[in-house]
Amino acid sequence: MSDNRGASKNYKDTVFLPTTTFPMRGGLPQKEPEIIARWKQLDLYKRLRQARKGREKFILHDGPPYANGNLHIGHALNKILKDVINRSQSMMGKDANYVPGWDCHGLPIEWKIEEQYRKKGKDKDEVPIEEFREECRVFAAHWMNVQSEEFQRLGVLGDWQNPYYTMKFESEAIIAAEIGKFLMQGSLYRGSKPVMWSPVEKTALAEAELEYSDHTSTTIFAKFKLVECPLKALIDNFIVIWTTTPWTIPGNRALAYNNEIDYVAIIINQVSENSIAQENQIIIVSEILLEDICSQCGIIKYDVKAKLKGYELKGSIAKHPMADAGYDYPVPLLNADYVTTEQGTGFVHIAPGHGPEDYQLAHLKYGIEVPHTVNEDGTLMEHLPVFSGFHVLRDNLKIAEIISEHKGLIGIGNLTHSYPHSWRSHAPVIYRNTAQWFISMESDGLRNYALSALKETSFYPSSGQRRLISMIENRPDWCLSRQRAWGVPIPVFVEKKSGKPLQDQSVVDRIIAIFKEEGCDAWFTSPPSRFLGENYDPDSYEKVNDIADVWFDSGSTHAFVLEQREDLHSPADLYLEGSDQHRGWFHSSLLESSGTRAKAPYKGVLTHGFVLDEQGRKMSKSLGNVIQPQKIIQQSGADILRLWVVSSDYYDDLRIGTEILKRQSDHYRRIRNTLRYLLGALDGFDALEPVSFDEMPELEKWVAARLFELDKKITEKVNIYDFHSIFTELHDFCNGDLSAFYFDIRKDMLYCDKLNNVSRRAALTMMDMCFKCLVAWIAPILCFTADEAWLAYTKNTDDSIHLREYQNIPSEWENSDLIRKWMNVRSIRSEVTTAIENARSESKIGGSLQASVNLSLKEEEKKLLLGIDLPALFITSEAKIVSDRALKTRVEIHLAAGEKCARCWKVLPEVKVNHGLCNRCEEVVLEKV
RNA sequence: AGGCGCGUAGCUCAGUUGGUUAGAGCGCACGACUGAUAAUCGUGAGGUCGGCAGUUCAAAUCUGCCCGUGCCUACCA
């Protein structure tokens with residue numbers, strides 16, 4: 001080993017290379033479940049509560065997912081974002097206590113149970129309600145368990161042992177109590193509203209229970225004689241409407257026109273043989289539809305008497321076509337934008353009990369009373385003259401003929417069109433006016449309370465505020481009742497005599513107490529006397545059998561979760577859901593809380609977008625582009641999914657797909673390798689003495705300044721939930737500052753300098769700090785990887801990074817001047833690396849250690865580099881400034897003079913003399929031996 | 001159909017009150033290293049800023065229209 005070649009053979013053992021047990025590849029799909037098991041063993045959730053005891057609380061109140069199936073990617077996004085926020089608030093030192101919850105009542109679960117019955121050939125109505133409800137309960141409980149496991153697999157930390165759910169007896173009791181508050185206040189009232197109704201099943205149906213198929217309807221052109229009109233000449237002429245539902249004519253209370261439509265008044269001169277239109281009468285219809293109407297009604301000849309715009313009809317009143325047979329009431333003409341000239345006559349007949357738009361226009365806008373005309377079985381009611389007992393689906397031709405006999409029509413026909421049918425019986429359905437319970441937006445100032453509460457709420461992004469405000473401003477009263485089985489009943493008695501709801505707090509309290517003990521099934525199984533007590537005669541009261549809208553359930557979570565649990569508080573600091581919840585949970589929670597407490601249940605509202613596929617299309621089974629979170633976890637790991645969330649702009653819609661996930665894996669590897677390199681370098685550091693800040697080289701002080709700057713940025717961003725930019729900062733730091741710059745420069749020092757050299761120890765001191773900062777910064781995001789890295793660092797299995805807080809950075813590290821200076825240093829460095837690259841492509845040199853750099857600089861550039869170890873900065877064997885008077889920066893690359901040191905691989909003149917080693921390496925090797 | 005959003009390189013995103021040749025990272029291509037090695041370093045090529053029109057000395061940025069796309073309503077006589 002005395003000659004050069006021998007010496008160059010192997011100095012690897014004398015070089016201090018990084019060593020770590022933290023593997024380069026994560027193996028996340030296998031490792032993550034182990035980490036979850038470790039957290040369970042540590043009882044991380046409870047430990048964290050203890051660790052943060054007495055600290056300021058941060059309460060992100062969980063919007064309850066619906067317990068009826070496996071998680072989809074939207075759930076994953078939602079819960080991951082919540083977890084990132086909670087963990088980051090915890091890192092800020094707050095007691096971020098997260099209690100997950102579930103929504104259990106409602107239609108979709110009811111369907112599933114009904115479906116099971118159908119398969120067994122049973123009918124839902126034959127099953128006792130308590131039995132049916134019990135099956136719903138079991139079903140919901142099953143899916144709660146499944147989802148709980150799936151959420152935990154995503155890394156979500158929370159009180160999974162003791163979550164909240166709406167079908168818990170205590171929850172049901174408080175939901176009922178909240179309804180009681182509206183009852184006692186007087187804002188709960190019984191009104192009526194048209195709902196989809198199946199005469200076959202004698203029940204109301206939800207939109208989703210309908211299927212559309214062809215149905216042939218009898219159509220009529222009915223005429224309404226004008227009795228009042230601003231255009232006096234038109235009085236006694238006829239407004240003609242077209243409808244596919246003659247049975248709604250007895251329920252007619254108004255007509256609608258559109259201000260912008262052109263109408264004509266024509267005199268009928270001649271009709272065909274079969275026509276029922278009458279010659280010499282003047283009718284008013286849409287101009288554009290005139291020919292169509294004439295051909296359908298057999299009008300052969302006519303003359304146009306007048307033309308008019310819709311708005312000229314303002315204030316007109318007409319007579320019902322059956323006015324002579326007991327339907328003698330005024331029929332006002334109203335403007336409605338939704339009236340079109342696509343078909344019909346340009347006029348729409350309005351039966352406020354038989355269509356949502358009719359109801360909206362006539363009742364809500366003009367206060368016209370809603371008549372009840374149809375019985376549960378679809379027959380017209382007894383009190384209706386002429387038509388009593390006729391069936392709304394079977395007798396339309398008869399009805400049409402009778403109206404025709406009363407000279408009320410100009411045409412009868414039929415039309416086959418797409419029409420809603422019951423999902424269960426496949427029979428056609430109708431809109432029917434039914435009794436419903438409402439919470440008034442006005443009577444107790446609910447709308448105003450809600451609106452002013454919104455003005456005090458922070459929105460992320462801010463556009464959510466306007467969106468919610470405009471919804472609250474425009475919404476009608478809250479229809480609370482559902483004619484359903486699986487939910488919390490509306491616990492109200494109605495006095496039969498007066499039709500008024502019983503308002504007695506002692507009755508309400510009795511109901512609540514019973515619900516708390518037995519659940520709200522008691523409402524259906526107990527006799528009314530049990531609730532009414534001794535002061536009321538059960539025979540005089542009707543028990544309401546409707547259940548509450550499930551949005552009321554989840555809208556009350558602030559009452560039965562935030563207010564009830566000692567470890568939470570209300571209002572919550574944050575509600576966080578998808579943007580669809582403006583209409584949903586944000587909305588119902590706001591109304592419920594504003595109505596009962598005159599304030600919002602939240603201080604802040606964050607909305608995220610929806611998850612789309614890689615092309616920006618929505619995911620659907622038919623497109624086959626559904627991406628399941630379970631699959632991503634299985635293939636790549638939950639940390640990759642979590643990284644995807646923060647790398648996206650989640651305020652907008654997010655895209656996901658194979659390329660996007662591939663990119664996340666790339667980002668992940670970069671961060672992971674940065675941690676790994678730090679862990680490797682820091683191996684054995686605890687045996688060395690750290691170096692004080694003052695003694696550090698400028699490069700280390702620059703790293704310190706960057707850490708200070710990052711810390712400031714990150715804590716700022718954490719407080720406005722902006723994790724996207726945190727991710728960018730962190731990635732760029734790992735990538736650009738550490739890996740490509742700082743680590744690269746310090747490698748020589750770390751590997752080859754004397755073990756306890758001051759500058760080497762200084763570098764390690766700073767790298768130690770880098771690690772501690774970095775692992776804490778990524779912990780809320782890459783919760784598994786951070787935990788694993790921290791364990792590799794401390795080797796203390798009783799600890800977790802998630803119990804810690806963000807690293808405290810000394811304020812003396814702040815140095816924006818230094819950051820600015822080194823930005824300029826790096827731009828000179830960049831010119832050098834470009835020059836080296838050029839030299840390499842000209843085959844002048846190979847690796848950068850073969851290079852010697854000659855710099856011609858401007859004067860200020862020279863000043864910039866003063867005192868900096870240039871060969872180290874450029875990672876070359878030699879570098880010097882040959883001129884400081886240059887007008888333009890020039891970099892010359894030469895082959896470095898000397899031989900390659902067998903240990904550090906630098907090319908130096910001294911090496912030959914030293915038998916293969918440079919002076920520095922010789923010294924280190926001799927000392928070591 | 002209406003309300004609210006979104007549309008900048010293959011991907012994810014920056015682009016302050018309109019002001020030089022539109023930026024970053026990844027990916028890609030090429031190269032180096034073989035002591036972070038299924039890693040690391042360097043260099044480079046990628047964009048009619050969805051389209052059209054307008055305001056302006058000047059537009060990714062302001063206005064209008066259109067196209068695409070998402071959420072929420074309404075889909076009716």
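Here is the naming used below: chain letters follow the sequence lines, and residue numbers restart at 1 for every chain.
Dashed line: the shortest gap from a side-chain N or O of A/T834 to OP1 or OP2 of B/rU43 is under 4.0 Å. Contact between the side-chain N/O atoms of A/N735 and the OP1/OP2 oxygens of B/rC26 is found at a separation under 4.0 Å. Residue A/S739 places at least one side-chain N or O closer than 4.0 Å to OP1 or OP2 of B/rC41. Phosphate contact (OP1/OP2 of B/rA36, side-chain N/O of A/Y751, threshold under 4.0 Å): present. Phosphate proximity of B/rC26 to A/K662: absent, as no side-chain N or O sits under 4.0 Å from OP1 or OP2. For the pair A/R670 and B/rG27, the criterion of a side-chain N or O lying under 4.0 Å from OP1 or OP2 is not met.
Between A/E614 atom CD and B/rC11 atom P the separation is 8 Å, expressed in whole Å. Distance, A/L289 CG to B/rA77 P: 15 Å, rounded to whole Å. Rounded to a whole Å, the CG atom of A/N673 is 11 Å from the P atom of B/rA36. In this entry the distance linking CD1 of A/I875 with C1' of B/rG42 reads 10 Å, nearest Å.
Contacts of A/F743 with the nucleic acid, taken as non-hydrogen atoms under 4.0 Å apart, include base atoms. Within 4.0 Å (heavy atoms only), A/S463 reaches no atom of the nucleic acid at all. Using a 4.0 Å heavy-atom distance criterion, A/S841 is classed as making no nucleic acid contact. Backbone-only engagement by A/T833 is indicated by non-hydrogen atom pairs under 4.0 Å involving sugar-phosphate atoms exclusively. In this structure, A/R903 reaches the bases: a heavy-atom distance under 4.0 Å links it to at least one base atom across the strands shown. Across all strands, A/H582 comes closer than 4.0 Å to no nucleic acid atom at all (heavy-atom distances).
By the side chain to side chain contact (heavy atoms under 4.5 Å, CB included) test, A/H215 pairs with A/S217, A/Y419, A/H421, A/P428, sequence neighbours left out. Partners of A/H354 by side-chain hydrogen bond (donor to acceptor under 3.5 Å, both in side chains), not counting sequence neighbours, listed by chain and number: A/T373. Residues forming a ring-ring contact (aromatic ring centres under 6.0 Å, His included) with A/Y359 (at least two apart in sequence, or on another chain): A/H363.
Rounded to the nearest Å, the gap between the P atom of B/rC75 and that of B/rA58 is 49 Å. To the nearest whole angstrom, the two C1' atoms, one in B/rA60 and one in B/rG19, are 13 Å apart. B/rG18 and B/rU63 are spaced 13 Å apart, taking the C1' atom of each and rounding to whole Å. With P as the reference atom, B/rU21 and B/rC26 are 27 Å apart, rounded to whole Å. Across the C1' atoms, B/rU56 and B/rG10 are found 36 Å apart, a figure rounded to whole Å. Taking the P atoms as reference points, B/rG44 lies 39 Å from B/rG54, given to the whole Å.
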Practice item. Take A/H349 and A/V331 through the side chain to side chain contact (heavy atoms under 4.5 Å, CB included) test and state the conclusion after the steps. Key: CA-CA 10 Å; A/H349 112 87; A/V331 179; over 6 Å; no
Review point. Do A/C918 and A/K906 pass the side chain to side chain contact (heavy atoms under 4.5 Å, CB included) test, and can you show the C-alpha distance, the side-chain angles, and the key distance before you say yes or no?
Key: CA-CA 8 Å; A/C918 68; A/K906 281 190 190 171; 5.9 Å; no
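Look at A/D744 and A/K747 and you find a salt bridge, because one of the NZ, NE, NH1 or NH2 atoms lies within 4.0 Å of a carboxylate O, short of that distance. Looking at A/D639 and A/K31, no side-chain N of the basic residue comes within less than 4.0 Å of a carboxylate O on the acidic one, giving no salt bridge. A salt bridge does not link A/E716 with A/K713: none of the charged nitrogens is closer than 4.0 Å to a carboxylate oxygen. A salt bridge links A/E709 to A/R706: one of the charged nitrogens lies within less than 4.0 Å of a carboxylate oxygen.
Shown here, B/rG42 is classed anti by the O4'-C1'-N9-C4 or O4'-C1'-N1-C2 angle, which is more than 90° from 0.
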Review point. Using Watson-Crick and G-U wobble pairs with both distances under 3.5 Å, what is the 5'-to-3' dot-bracket string of RNA chain B, with [ ] for crossing pairs and | for pairs outside the strand?
Key: (((((((..((((.....[...)))).(((((.......))))).....(((((..]....))))))))))))....
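By the 4.5 Å heavy-atom criterion applied to side chains, A/R760 and A/F16 are counted as neighbours.
Relative ring orientation between A/Y650 and A/F723 is described as tilted, the plane-to-plane angle lying within the 30° to 60° band.
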Could you go over nucleotides 32-34 of chain B and give all protein N or O partners under 3.5 Å, atom names and distances?
{"unit_1": "B/rA32", "atom_1": "O2'", "unit_2": "A/R840", "atom_2": "NH1", "d": "3.1"}

Exercise for review: Assign a letter to each nucleotide of nucleotides 65-72 of chain B from its 5' end: B, base within under 4.0 Å of a protein heavy atom; S, sugar-phosphate only; -, no contact.
Suggested key: ----SSBS
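Counted within 6.0 Å of CG on A/L364, heavy atoms from surrounding residues, nucleotides or ligands total more than 12; the atom is thus considered enclosed.
For A/F771 and A/Y793, the gap between ring centers is short of 6.0 Å.
Judged by closest nucleotide on RNA chain B, A/D649 is the one of A/D649 and A/I241 placed further toward the 5' end.
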